[in-house]
Amino acid sequence: MTAAPTLRAMPELPEVETVRRMLAAHVPGRRIASAAVSRHRLRTTPLGTLPKQLEGRAFAEPRRTGKFLFLDLDGGVTLLSHLGMSGRWLFAHAGEATLDPDMPHVHLKLDFGDGARLWYQDIRRFGMLRVVPLDRLANDPSVKLLGPDPLVEPPTAESLRASAKGSRVAVKTFLLDQRKLAGIGNIYASEILFRAAVDPRRAAGALTLAEWTRVAPEITTVLGDAVARMGTTFSTYRTIWNEPGQYGDQLLVYDRPGEPCRRCGAEVKRFVQGGRATFWCPSCQRGAGKGRKRAQS
DNA sequence: ATCCTATCCTGTAGGC
DNA sequence: TGCCTACAGGATAGGA
């Protein structure tokens, strides 16, 4: 018996949308009086120039595409933010002592003149933070390749089939491709395919229209339900109030290897695709027929 | 062009 | 008890 490896929460679309909504309730109109950065850098981002780029600017309404946050500021720039694996935006009103001065891994501290504060914490430093002029955002290398956001443009069976045409990668891996759809990560990919009763090993380009017809609404439903519950927390993800998400109770297969399928009672299985864990019920997610094409990753 | 792997990073769990 | 190692996963660069 091999024990299941420890899983880490990673912010996907619902978690990032939760953060966006909470920030939208508190930061628009607030002006950054001072900004301080840690001596560390994030994986892809030096932080040194951030204070000069941020100080004096006021937040507008934050936006989001997929897992990217666009924290728009006045003066025609945006603070482009990706939470990576462990990034958190943490907010405190004036006088609230919820932000511990000794909290580790805080890389950016924004102080508004009135005592309110907004901190960025990122334990593993896989996140991204950079100031980008708005007129160059669409050409930013991280942004320009993003596919449609499923909550903005709900995918249809036809759009998914067209997007996957010719692709030999496994449908699970396909759902994780941010160039095809922006926002699905490892947790919700498994959940979506389970609920759609589609074998995660099937080649994306070989899915039938009937299968895509089951997948498309589950993308919208799963992501929407997760947003309504403020996302899923295993360990690191938190809202701006440092609270965990509540979608974990709704998970049907993710992180349940060896446990009974909630639908049929068969054993939930775990395997690795493209270096990422996939969870599924081989009984509920049988292939569409014998001899159907499977992909390896 | 498409696909695949290694890389980064840290906390935690498991083994001994 | 405590040390050591393996492992989780976002995006991305570079190789096949």
Side-chain angles (χ1 to χ4, degrees), chain A residues 1-17 19 38-47 64-69 80-89 103-107 120-130 132 140-147 149 163-191 200-206 223 231-238 244-245 248 251 253-258 270-279 293-297:
Chain A
M1 278 294 257
T2 47
T6 306
L7 297 163
R8 304 282 177 233
M10 54 289 179
E12 305 182 26
L13 185 155
E15 292 74 28
V16 179
E17 174 61 13
V19 170
S38 73
R39 60 185 172 82
H40 299 289
R41 51 172 289 140
L42 302 181
R43 179 178 170 337
T44 59
T45 322
L47 299 172
R64 178 194 60 77
T65 297
K67 304 172 192 172
F68 283 85
L69 280 172
L80 177 62
S81 165
H82 192 295
L83 301 176
M85 312 290 293
S86 55
R88 298 172 177 168
W89 283 104
M103 186 185 295
H105 308 296
V106 176
H107 300 292
Y120 179 75
Q121 182 196 37
D122 194 340
I123 295 171
R124 260 160 278 167
R125 312 213 305 269
F126 276 31
M128 170 191 302
L129 274 183
R130 55 173 187 257
V132 178
D140 184 277
S142 298
V143 174
K144 67 180 178 187
L145 296 177
L146 289 178
D149 184 287
S163 178
K165 186 176 164 89
S167 173
R168 286 171 292 133
V169 300
V171 61
K172 158 69 177 350
T173 303
F174 173 83
L175 290 179
L176 294 178
D177 188 341
Q178 304 298 300
R179 297 168 299 183
K180 304 295 186 184
L181 288 172
I184 299 173
N186 208 42
I187 295 174
Y188 299 114
S190 283
E191 293 298 307
R201 304 167 301 177
R202 300 284 312 290
L223 297 178
T232 302
T233 292
F234 281 99
S235 67
T236 57
Y237 159 73
R238 293 291 188 281
L251 296 177
V253 287
Y254 190 81
D255 196 30
R256 302 190 60 241
R270 174 193 188 275
F271 72 112
V272 174
Q273 286 182 296
R276 301 290 176 262
T278 296
F279 301 90
K293 282 199 174 175
R294 286 178 188 167
Q296 289 305 308
S297 63

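Only this structure's heavy atoms are used, side chains among them; waters, hydrogens and symmetry mates stay out. Residue numbers begin at 1 in each chain, while the letters A, B, ... track the order of the sequences. All of these numbers come straight from a predicted model, not from anything done at the bench.
Closest approach to the A/His82 side chain among B/dT2, C/dA11, B/dT10 is made by C/dA11 (side chain taken as heavy atoms from C-beta onward). Each of B/dT2, B/dT10, C/dG10 was ranked by its minimum atom distance to the side chain of A/Lys67; first place goes to C/dG10. Counting only heavy atoms from C-beta on, A/Val169 has its side chain closest to B/dC3 among B/dC3, C/dA11, B/dC9. Among the nucleotides B/dT10, C/dG9, B/dC3, the one closest to the side chain of A/Met85 is C/dG9.
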Before you tell me yes or no, could you show the steps for A/Leu80 and A/Met128 under side-chain contact (heavy atoms from CB on, under 4.5 Å), namely the whole-Å CA-CA distance, both residues' side-chain angles and the distance that decides it to 0.1 Å?
CA-CA 7 Å; A/Leu80 177 62; A/Met128 170 191 302; 4.0 Å; yes
Check against side-chain contact (heavy atoms from CB on, under 4.5 Å), A/Ser167 and A/Lys180
CA-CA 11 Å; A/Ser167 173; A/Lys180 304 295 186 184; 5.9 Å; no
Stepwise side-chain contact (heavy atoms from CB on, under 4.5 Å) check, A/His105 with A/Asp122
CA-CA 6 Å; A/His105 308 296; A/Asp122 194 340; 6.0 Å; no
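Side-chain atoms of A/Leu42 and A/His107, non-hydrogen and from C-beta on, do get closer than 4.5 Å to each other. In this structure the side chain of A/Leu13 reaches within 4.5 angstrom of the side chain of A/Asp149, judged on heavy atoms. For the pair A/Tyr188/A/Leu176, no side-chain contact is recorded, criterion being any heavy-atom separation below 4.5 Å from C-beta on.
Between A/Phe68 and A/His82, the ring planes are perpendicular. Angles over 60° get that label, and only those under 30° would be called parallel.
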For nucleotides 12-16 of chain C, list the nitrogen or oxygen atoms of the protein found under 3.5 Å from its nitrogen or oxygen atoms, one pair per line.
residue: C/dT12; atom: OP1; partner: A/Ser142; partner atom: OG; Å: 2.6

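Here A/Ser167 reaches the OP1 or OP2 of B/dC3: one of its side-chain N or O atoms lies under 4.0 Å away. Look at A/Arg270 and you'll find a side-chain N or O under 4.0 angstrom from OP1 or OP2 of C/dA8. Residue A/Tyr254 places at least one side-chain N or O closer than 4.0 Å to OP1 or OP2 of C/dG9. Taking side-chain N and O atoms only, A/Gln178 has a distance below 4.0 Å to OP1 or OP2 of C/dA11. Contact check, A/His40 against B/dC9: no side-chain N or O comes under 4.0 Å of OP1 or OP2.
No donor-acceptor pair under 3.5 Å is formed between the side chain of A/Lys172 and the backbone N or O of A/Phe279. Remark: side-chain polar atoms of A/Gln273 are paired, donor with acceptor, to backbone N or O of A/Pro200 under 3.5 angstrom. A donor-acceptor pair is defined here as one N or O able to donate and one able to accept, closer than 3.5 Å; such a pair exists between the side chain of A/Arg64 and the backbone of A/Gly66.
Note: NZ (A/Lys172) to P (C/dG9) measures 8 Å, nearest angstrom. The interatomic distance linking A/Glu15 (CD) with C/dG9 (P) rounds to 14 Å, in whole Å. In this structure, the CZ atom of A/Phe271 is 13 Å from the P atom of C/dG9, given to the nearest Å. Taking atom NZ on A/Lys144 and atom C1' on C/dA11, their separation rounds to 15 Å, with Å as the unit. Residue A/Leu13 contributes atom CG, which lies 13 Å from atom P of C/dG10 at whole-angstrom precision. Distance A/Arg125 CZ to C/dA11 C1': 16 Å, rounded to the nearest Å. Going from atom NZ of A/Lys165 over to atom P of B/dA1 covers 18 Å, rounded to whole Å. Residue A/His107 contributes atom NE2, which lies 13 Å from atom C1' of B/dC8 at whole-angstrom precision.
A rotation axis mapping the C1' atoms of four pairs onto the next four is fitted at both ends of the helix from B/dT2-C/dA16 to B/dC16-C/dG2 over five pairs, and the angle between these axes is 50° to 10 degrees.
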